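As the structure is a computational prediction, the values presented were derived from the model and not from experiment.
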Amino acid sequence: MLFIFLILVFLICLQTPKKSLGRRLAIYYTSFLYLGITIFLYNQQKIDLSNWQSYFLLRFDDEKSAWISLSTALITVSLTLLFWKLFQSGYLKKVYSYSRKNWLIYALAVLLIFAGFLAYSSSRYAMKGIDNTSLDQILFTMSQPIRGSDPGQIINYMIDPLLEALLITVPLATLLYFATTCSFKFGSIYLQRQPHFKTKKVVVLGLIGLIFGIFLGGKEIGYADIRAFYFENTNIYDEHYVNPREVDLKFPKKKRNLVYIFLESMESSYFSKELGGIQEHNLLPNFADLAQNDGINFSHSNKLGGMLQIPGANQTASSMVAQTSGLPLRPSTSLNSSESAEENSAEYFPGAYALGEILDEQGYNQALLMGSEAEFAGRDKYFTQHGGYDIRDYHWAVDTGRLPEDYYEWWGYEDRKLVDYAKETLNELSQEEAPFNLTMLTVDTHFEDGYATEDTPDLFGDQYSNVIHDSDRQIAQLLEWMKEQPFYEDTTVILVGDHLTMDSDFFDSVDPDYQRSVFNLFLNTNKQKVRNKNREFSAVDMFPTTLSALGVEVPGDRLGLGVNLFSNQSTLIEQFGYESFQNELMKKSDFYNEKLMQDDEEGKDRE
């Protein structure tokens, strides 16, 4: 790519006068278009941009890097030299110069055009580049600060939607500039003799670009979701929400410990086809063995399966909230997470009453363990305000000297270290007389392609499959260690995915009729004769089911919007149907906004 770039610059220099403004502008303009388009197309073709060979060598292979470089260079230099020749021959002639006011209006129009096409390219990137995303997830992510996120995802955004919007805007801005400053002649016929800068027309063109881009973005997201989210109302919370504060929960005399492991992007589809998944080879052999012989897997089918993904529980933070409170998490300004610990007093979902609060009142010691930064998406605020969890995240590992200050891999540190810290934390918690709740979150299986180390076995030929399989192995080793500890007899273990994977190309060849589901597994529950097959349920049902797994009696078997799966009660998905339930959760709710998103006392005052 860079070799062709040098040739391209050399051709521009041959065709333009030395030390001229025109030469410099042509070089800058051509360089941006060539490099920008090439990098954008490389990214679209999944060419490894971290490989130096992609930039220096012409590789006529499956990656198509050489063809992209050659064709982009040919088109870019041809268009640039064409415009230069038109200027030289007098067919295109600058006859009007912008005033300061003209420049300001022009800049405003260009910004409007850029904003419109950024809205489109961002929507396209989210809906097609990230799998299983939806409007509520996009808005939730936009409402959170980027601190704590994987730098790689920020780079991906810059070289995909941001760069795409720039590559659309720059040529349009160039045409707008020529149209308002130059005369156009075809042969002896003037197409435009005296251009004039008309403020209203330029602003209108900018607004058209903005509206057109937003229109295209809305089409990518889906107008039905937009209409439901902003303009339709639901009564599902008014009619079906069960306030956990008002339910008389009965704990057993000897309270059981809880280990709740959120498994990043863990799907039941990773099982082999004969087990209920879609893989030729089973990527989760240990989980499959545990589900069939040692634990309980609630499934949407008659094979190994899982829960169905719903709005408000389709990314990590929102799923963690939904599974522990029985409530989906809608985007809201009240969820904005602070950028510093000093600002952590802001209330996060104050009307919710969560698992952590229930266990805290019962005297549990609670810890949240994760290898990423807990403040990302406000997770630290939720778990400290709804249960007083001891937060043990990436910062904790650095601050306590477990990691060097400059150590940062993937989203913080890898799962191998997480497993070691989990053993350490469990040993510490089990020494106390009080029961404990260790909640932890893995991260190696995050998109895209997961995080592989030198110790990750290459068994399947693609990195994501290898990482998924290795996650199964690491968690299984942790479980084996736990079974050898004195505390295990009194400990219930729950393994559950947070959401379907967002790796968009991992399921390219999947039958569209196959229902993907989020994995779950309950271990050491002492439950017998459970109806766990052909159940339709979601993240909100995990809340009462978790308490029941601990031996807690839940009168009515309902909490939040969730239903205890160990009971014979029908879930809301089973009552409404999956699509209808999803549609209802996408809609606005005054009950949700006033009594759940606001302080509970404020909600009572409105009753």
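Contact of the Tyr451 side chain with the Val467 side chain is not registered, since no non-hydrogen atoms from C-beta on lie closer than 4.5 Å. When side chains are defined from C-beta on, Tyr270 does not count as touching Phe519, because their heavy atoms never get closer than 4.5 Å. Looking at heavy atoms from C-beta onward, Asn583 lies out of side-chain contact with Phe576 at the 4.5 angstrom threshold. Inter-residue side-chain proximity for Met266 and Leu495 is flagged as unmet; no heavy-atom pair is nearer than 4.5 Å. In this structure, the side chains of Met542 and Phe522 come closer than 4.5 Å at one or more pairs of heavy atoms. For the pair Tyr237/Leu585, a side-chain contact is recorded, criterion being any heavy-atom separation below 4.5 Å from C-beta on. In this structure the side chain of Gln463 never reaches within 4.5 angstrom of the side chain of Thr456, judged on heavy atoms. At a threshold of 4.5 Å between non-hydrogen side-chain atoms, the residues Leu327 and Leu329 do not count as touching.
When atom types are taken as modelled, the side chain of Ser548 and the backbone of Pro544 share no donor-acceptor pair closer than 3.5 angstrom. Between the side chain of Lys527 and the main chain of Phe566, no donor-acceptor pair closer than 3.5 Å is present. Judged by distance alone, the side chain of Asn293 and the main-chain N or O of Asp289 form a donor-acceptor pair under 3.5 Å. Distance alone, capped at 3.5 Å, places no donor-acceptor pair between the Glu536 side chain and the Thr571 backbone. Using a distance-only test at 3.5 Å, with no hydrogens or angles considered, a donor-acceptor pair links the side chain of Asp415 to the main chain of Val443. Side-chain atoms of Ser272 never come within 3.5 Å of backbone atoms of Asn282 as a donor-acceptor pair (strictly under, hydrogens ignored). Under a 3.5 Å cut-off, the side chain of Ser465 and the backbone N or O of Asp462 do not form any donor-acceptor pair. With Ser121 contributing its side chain and Pro161 its backbone, the two residues share a donor-acceptor pair below 3.5 Å. Of the possible polar contacts, one joining the Asn257 side chain to the Phe436 backbone as a donor-acceptor pair under 3.5 Å is found. Side-chain N or O atoms of Tyr592 include one that pairs as donor or acceptor with a backbone N or O of Pro328 at under 3.5 Å.
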Between side-chain atoms of residues 475-483 and protein atoms elsewhere (two or more places apart, or another chain), which donor-acceptor pairs fall under 3.5 Å?
from: Lys483; atom 1: NZ; to: Asp294; atom 2: OD2; distance (Å): 2.9

Table please: side-chain donor-acceptor pairs of residues 549-563 below 3.5 Å, with sequence neighbours left out.
from: Asp557; atom 1: OD1; to: Asn564; atom 2: ND2; distance (Å): 3.0

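Of all heavy-atom pairs spanning Met307 and Val496, the tightest one is CE-CG2, 3.8 Å. When every heavy atom of Leu368 is checked against every heavy atom of Phe383, the shortest pair comes out as CD2-CD1, 3.6 Å. What you find for Ser269 and Tyr514 is that their closest heavy atoms are CA-OH, 3.5 Å. When every heavy atom of Asp498 is checked against every heavy atom of Thr316, the shortest pair comes out as OD2-OG1, 2.8 Å.
Around the CD atom of Glu489, the shell of radius 6.0 Å holds no more than 12 heavy atoms that belong to other residues, nucleotides or ligands. Remark: Asn568 CG is loosely packed, at most 12 non-hydrogen atoms of other residues, nucleotides or ligands lying under 6.0 Å away. No more than 12 heavy atoms of other residues, nucleotides or ligands sit less than 6.0 Å from atom CD of Glu579. Residue Lys533 places its NZ atom among more than 12 non-hydrogen atoms of other residues, nucleotides or ligands, all under 6.0 Å distant.
Note that Lys381 lies outside the cation-pi zone of Tyr348, set by a 6.0 Å cut-off to the ring centre and a 45° limit from the axis. Cation-pi geometry between Arg516 and Phe507 is met: the NZ or CZ atom falls under 6.0 Å from the ring centre, inside 45° of the normal.
A salt bridge between Asp455 and Arg473 is absent, with no side-chain N of the basic residue lying under 4.0 Å from a carboxylate O of the acidic one. In this structure, Lys417 does not pair ionically with Glu409, as no charged nitrogen and carboxylate oxygen lie closer than 4.0 Å.
Annotation: the span from Ile573 atom CD1 to Ile310 atom CD1 amounts to 6.0 Å, rounded to 0.5 Å. The CG atom of Leu355 sits 9.5 Å away from the OG atom of Ser325 when rounded to the nearest 0.5 Å. The CG atom of Asp449 lies 5.0 Å from the CG atom of Asp503; values are rounded to the nearest 0.5 Å. Taking CG of Asp470 as the reference point, atom CG of Leu459 lies at 9.0 Å (rounded to 0.5 Å). Interatomic distance, OG of Ser299 versus CG of Leu275, reported as 11.0 Å (0.5 Å rounding). A distance of 6.5 Å separates OG1 of Thr425 from CG of Leu429, quoted to the nearest 0.5 Å.
Judged by distance alone, the side chains of Thr501 and Glu267 never bring a donor and an acceptor atom under 3.5 Å apart. Between the side chains of Glu375 and His395, at least one donor-acceptor pair of N or O atoms lies under 3.5 Å. For the 3.5 Å distance criterion, the side chains of Tyr260 and Gln323 qualify, holding a donor opposite an acceptor.
Tyr394 and Tyr408 have their aromatic ring centers within a separation under 6.0 angstrom.
Just one residue in the list Phe271, Phe287, Tyr464, Phe460 forms a ring-ring contact (aromatic ring centres under 6.0 Å, His included) with His469, and that residue is Phe460. For the side chain to side chain contact (heavy atoms under 4.5 Å, CB included) with Met370, the lone residue among Arg379, Glu264, Met440 that qualifies is Arg379.
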Checklist entry - side-chain hydrogen bond (donor to acceptor under 3.5 Å, both in side chains) between Asp444 and Ser471: does it pass, once the steps are laid out? => result CA-CA 7 Å; Asp444 281 0; Ser471 180; over 6 Å; no
Checklist entry - Step by step, would you call Gln431 with Asn427 a side-chain hydrogen bond (donor to acceptor under 3.5 Å, both in side chains)? => result CA-CA 6 Å; Gln431 298 304 311; Asn427 279 329; 5.4 Å; no
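By the salt bridge (Lys or Arg N to Asp or Glu O under 4.0 Å) test, Glu361 is found to be paired with no residue, residues two or more places apart in sequence or in another chain being considered.
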